[in-house]
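Here's the structure, in structure tokens; my notes come after.
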Amino acid sequence: MRWSHLSAGADDGSLPDRAASAAPPLPLALPGATVRTFDTPGFAGMTFYEIRAKSLINRVPGASRVPFEWTVNPYRGCSHACTYCLSGDTPILLADGSARRLAELRPGDSVMGTMGAGPHRRYVPTTVLDHWATSKPAFRVTLADGTRLVSSGDHRFLTDRGWRYVSPAEPHHPALAIGDLMFGVGHLAEPPKESPDYQAGFLCGLVRGDAAGRVAREGDAWIRADGYLDDVSLPDALRWPELPSGEWYRGFLAGAFGAAGRAERLAIVFRSTDRVYLRWITEALTHLGLTSRTPVPCHADRPGRVETGRDLWSALRFRHLTGALNAPLDASGVGVRADRRLAVTDIEDLGLTLPLFDISTGTGDFIADGVVSHNCFARGTHKYLDLDPGHDFDSRIVVKVNAGELIRRELADSRWSGAPIAMGTNVDVYQRAEGRYQLMPEILAALRDHANPFSILTKGTLILRDLELLRQAAEVTRVSLAFSVGFIDERVWRSAEPGTPSPRRRLDALRRLTDAGFPVGVLLAPILPGLTDTEESIDETVAAVAAAGATSVTPIPLHLRPGAREWYATWLAREHPTLVPRHRELFARGAYSPRAYQDEVSARVRMAARRHGLHRPTPAQFRDLPAPETPAAQIDQLTLL
């Protein structure tokens, strides 16, 4: 997303009445914004930064799990003042082959770096010496394999022409160019999600491999399996599936590694006396895009052997895709190579000054999302604007005042494909600020006039203001609507979502939309542990949304990524201190609660939906777009906030 440093003038007629100029410190990314406060009680303590953006329709990053490709967000930050939001970072390759987000690195961490020059450059472990944040003009570099890297102009990448600056300030500095080949291993794969298919595959690979092995193993894999048996029937898991999914293959290989695999330098090697078992391993590796060979076939008197390619790309891809435990990587001395998949295809000036993270290492470089680089990568969400993801997200709102003219121009562009556009996927387009700025009528009119399909997810009753425009759009294109109603407990609402319409007002709006002929899905999101996850609370909420005419209900348990986690923890300790130990237990391992808890909550919602006549949709069905492979419980909470 990009903004211009030029903002609308204070007297250009674009501002609603009762607006007064304000002069708090400007975020570093918005030095030219027009700053406003309003003297109405609903906006007390809030600051609005009015900008003239360069673009409005934004492509979702390829690594994202959300089931849509294009979004429109006329606001940045949210006046709903909810207690949860989102942030994310660039993955950095650690010395043991795992990955960690750049913002989470600390001095003393062991990462992968390089030493040498030219054909003699080699990967070596190195240590993070320092870690800090800085703010600089930002650029986005896109590679042939889809990797997108946001960095400063003076950031250097290692290419086939040597170190190149993204956009050098000094004329004598060599600049990165389209077609340059970067050095590295390519995009780091996303880790698996512990879905039921993954768990079943893991148990199958582990137990069958153990049965065919000559020496029984013990270790973390069996501890992991014990946890999976709470959710998956062992007899069912041991059956070979007729149509295995990608998640099953990932789990199967992780389990097989725990029973019959080991790391030999860069290769992963499996040994077994069971020919069928080894054939399944080969099939799973092929499905994940990994080459394999069978140097030792099975014989009656000795086990057979299957092994992966002996290259760093294969070694990392196996570990990252499968989530196999106890597979340390020894890549010291492996040669660093350029790759056609890492050819530079685009270099874009974002027109923003962004807060960027920087680290220094013992080798002076590190591996960022698979490429050899120095310094500075961008952090996600509100921190792009030099605003914190907590209070600032609620009280300092960026407004793209030229949203209407932008979307008309972009929809009319001959290069625009007419793809579906999702709204409400980052912050709510019908938040309180929309009542003041009224950007959505122009956006909806443009989408109607171009017959461009779109979806809206909201918790704002202000959507009823635009009901006639929605009707008109639905006559010429596909319009999908969904409401976020996580609970109907008024006390929880006042505490957790104080700036949103009350649950009862949302239900009334839902009824009016369904009466107007729109099929409206409801996301029970987020479901809050200890507050709204009980059978009574869920049943009461599902009954209410069913009575309001919802066509479906999808549960999304709370998840807490960095930034949101700290903000939510502060709120929880203040409002519900007795629940703090429970949340520490649930989120001890990361942003998501354990699969067993998510499945339990989903089962409660599913049973309540059946009782009240609502079927359970496929994930994100309300958007009328292809569903992702992830189960409903893993839908990104980003879409709500």
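Just so we're clear, the structure is a prediction, and the values are computed from it rather than from any experiment.
With a 4.5 Å cut-off on side-chain heavy atoms, Y75 and E434 count as touching. Here the side chains of V522 and L614 are not in contact, with every heavy-atom distance at 4.5 Å or above. Proximity of R504 to V485: side-chain heavy atoms (C-beta onward) are nowhere separated by under 4.5 Å. The shortest distance between side-chain heavy atoms of L444 and I456 falls below 4.5 Å. Contact annotation: the side chain of F483 approaches that of I463 to within less than 4.5 Å [non-hydrogen atoms, C-beta and beyond].
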Audit row: T71, N58, side-chain hydrogen bond (donor to acceptor under 3.5 Å, both in side chains) steps and yes/no: CA-CA 5 Å; T71 66; N58 300 293; 4.5 Å; no
side-chain contact (heavy atoms from CB on, under 4.5 Å) between D508 and L464, worked out: CA-CA 10 Å; D508 290 342; L464 296 176; over 6 Å; no
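In this structure, E475 does not pair ionically with R471, as no charged nitrogen and carboxylate oxygen lie closer than 4.0 Å. No salt bridge links K400 with E50; every basic N to acidic carboxylate O contact stays at or beyond 4.0 Å. Between E247 and K193 there is no salt bridge, since no side-chain nitrogen of the basic residue lies less than 4.0 Å from a carboxylate oxygen of the acidic one. A salt bridge does not link R595 with D231: every distance from a Lys NZ or Arg NE/NH1/NH2 to an Asp or Glu carboxylate oxygen is 4.0 Å or more.
Under the rule for a side-chain contact (heavy atoms from CB on, under 4.5 Å), the partners of T534 that lie at least two apart in sequence or sit in another chain are E536, S537. Residues passing the side-chain contact (heavy atoms from CB on, under 4.5 Å) test with A543, sequence neighbours excluded: H612. In this structure, the side-chain contact (heavy atoms from CB on, under 4.5 Å) partners of R106, at least two apart in sequence or on a different chain, are D109, H131. Remark: Q438 pairs with no residue by the side-chain hydrogen bond (donor to acceptor under 3.5 Å, both in side chains) rule, at least two apart or across chains. With sequence neighbours excluded, the residues that form a side-chain hydrogen bond (donor to acceptor under 3.5 Å, both in side chains) with D449 are R408. Residues meeting the salt bridge (Lys or Arg N to Asp or Glu O under 4.0 Å) test with D236, sequence neighbours left out: R239. Not counting sequence neighbours, the partners of E585 by the salt bridge (Lys or Arg N to Asp or Glu O under 4.0 Å) test are R582. In this structure N402 satisfies the side-chain hydrogen bond (donor to acceptor under 3.5 Å, both in side chains) test with no other residue, sequence neighbours excluded. Legend: residues meeting ring pair (Phe, Tyr, Trp, His ring centres under 6.0 Å) with W70, ordered by chain and number and at least two apart, are W416. Residues that satisfy the side-chain hydrogen bond (donor to acceptor under 3.5 Å, both in side chains) test with R505, not counting sequence neighbours, are T461.
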Output a table of donor-acceptor pairs, distance under 3.5 Å, between side-chain atoms of residues 512-521 and any protein atom two or more places apart or on a different chain; print 'none' if there are none.
unit_1	atom_1	unit_2	atom_2	d
T514	OG1	L510	O	3.2
T514	OG1	R511	O	2.9
T514	OG1	A548	O	3.3

Would you give me the side-chain donor-acceptor pairs under 3.5 Å for residues 573-581, sequence neighbours excluded?
none

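Residues L321 and A189 share a closest heavy-atom pair of CD2-CB, 3.6 Å. Closest approach of N452 and T477 over heavy atoms only: C-OG1, 3.4 Å.
Here H583 and Y568 bring their ring centres to under 6.0 angstrom of each other.
A donor-acceptor pair is defined here as one N or O able to donate and one able to accept, closer than 3.5 Å; such a pair exists between the side chain of R604 and the backbone of D533.
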